[in-house]
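Just so it is clear, the values below take in all heavy atoms, side chains as well, and ignore hydrogens, waters and symmetry mates. Because the structure is a prediction, the values reported are computed rather than measured.
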Amino acid sequence: MSLKRVLGLALVLAAGCREEKPAEPLSSLKPPPLPVLAAEDARFQVAPAEVYGEPVPGKVLRVELAGEAVRLGGEWFEPSRPEDQARLRERVKEQGVLLVPDADTFLAQTSELLAVLRDSAREVWLLHPDAPAAYPLVLRDEQGFQAWLAEAAPGKLRIIQRQDGFELTTSVGKLPGPDANGPSVPVRGGKQDIATLRKGLGKLKGRFTTSEDICLVPSFGTELAQAARALSGVYVAPGEPLFETLCFIYPTPRAPAVAGASGGTVGSRKAGVRAQSAATQTEVGLSWKPPRHR
């Protein structure tokens, strides 16, 4: 056999032995799962957590909450009444406002107030009920929340505040907690676990390094004071938030009442909240539950 023919045969055999490397399956493009978040204390006791936030602003209007009514200076307003809503709108126009929650005002009772502040106030702050700290808020109703979720941006981090704890949710799923079927940060000993919430948010910031905003989405039956306490978990030190923008979701106000009509009772507000968008209620995981008797 000639040398030329032997070399040709060798080349054919070598070509036949080469195998093309198969393409990686599409599943390889799936982002890695979020880390599991477990509380430090397994005895169902809440670890102590410092209260962090921003210094309480000085030159702002203090709006004190009392159920369906609010007090600004020496005046009382019921924002669900059209005439009071108009007066309040003029008082807060282009002003900084500090919301001062009491122990028993529920988020569902504040929808008209928050809508007025979103449209008229220059800036809105929420005061922590237990410490001299406050939080600047970007207010969004349900429609605004859905528009924010639809934006093409990574992360879309939100804290879903429920009666059984906090669920930390992102554009790629939920941060798992100690129970895969429960919230990311369960209530421990009947109390909010702010220390573990802070730890979980730190993990999310490490994963979504370019995300600069986060939304707190309380269930509509949450006391506003409890929502303020949750915002402390976004901070790792005084004046040092993990995310620059704190978005706060509130229920879209019901249809305006007839002028001169009553501002409505807690029972009528309960019916109004039940009619809120199914999408937001699904996101929160809990609908309005009647408040306890005062």
Do [X] and [Y] have side chains that approach each other closer than 4.5 Å (heavy atoms only, starting at C-beta)?
| X | Y | value |
| --- | --- | --- |
| Leu72 | Phe77 | yes |
| Phe166 | Pro183 | no |
| Val217 | Thr169 | no |
| Leu231 | Leu137 | yes |
| Ser219 | Gln161 | no |
| Leu113 | Leu65 | yes |
| Tyr250 | Glu142 | no |
| Leu242 | Ile214 | no |

Between [X] and [Y] (side chain of the first, backbone of the second, donor and acceptor by atom type, cut-off under 3.5 Å), is there such a pair?
| X | Y | result |
| --- | --- | --- |
| Lys205 | Ser211 | yes |
| Ser232 | Tyr52 | yes |
| Ser184 | Leu168 | yes |
| Asp141 | Thr252 | no |

We want to know whether [X] and [Y] form a side-chain donor-acceptor pair, criterion being a heavy-atom distance below 3.5 angstrom.
| X | Y | value |
| --- | --- | --- |
| Thr105 | Glu223 | no |
| Asp213 | Trp148 | yes |
| Tyr235 | Glu50 | no |

Is it possible for you to say whether [X] and [Y] belong to one hydrophobic cluster, with membership spreading through side-chain heavy-atom contacts below 4.5 Å?
| X | Y | result |
| --- | --- | --- |
| Val172 | Leu157 | yes |
| Val70 | Val100 | no |
| Leu197 | Leu246 | yes |
| Phe106 | Leu127 | no |
| Leu224 | Val124 | yes |

Applying the side-chain contact (heavy atoms from CB on, under 4.5 Å) test to Pro101, which of Leu126, Thr110, Leu107 qualifies?
Leu126
Taking side-chain contact (heavy atoms from CB on, under 4.5 Å) as the criterion, tell me which of Arg81, Arg87, Glu83, Arg89 meets it with Gln85.
Arg89
Rounded at 0.5 Å granularity, tell me how far [atom1] in [X] sits from [atom2] in [Y].
| X | Y | atom1 | atom2 | value |
| --- | --- | --- | --- | --- |
| Lys199 | Asp193 | NZ | CG | 10.0 Å |
| Trp125 | Leu98 | CH2 | CG | 9.0 Å |
| Glu54 | His128 | CD | NE2 | 13.5 Å |
| Phe208 | Thr170 | CZ | OG1 | 4.0 Å |
| Thr196 | Arg198 | OG1 | CZ | 10.5 Å |

Charged N to carboxylate O below 4.0 Å: is that the case for Arg158 and Glu167?
no
Side chain to side chain contact (heavy atoms under 4.5 Å, CB included) assessment of Gln95 paired with Glu123
CA-CA 7 Å; Gln95 299 292 320; Glu123 60 184 19; over 6 Å; no
How far apart are the C-alpha atoms of Arg62 and Arg71, what are their side-chain angles, what is the distance that settles it, and do they pass the side chain to side chain contact (heavy atoms under 4.5 Å, CB included) test?
CA-CA 8 Å; Arg62 291 175 65 94; Arg71 185 172 69 176; over 6 Å; no
For Ala230 and Gln192, which heavy atoms make the closest approach, and how far apart are they?
N-OE1, 4.0 Å
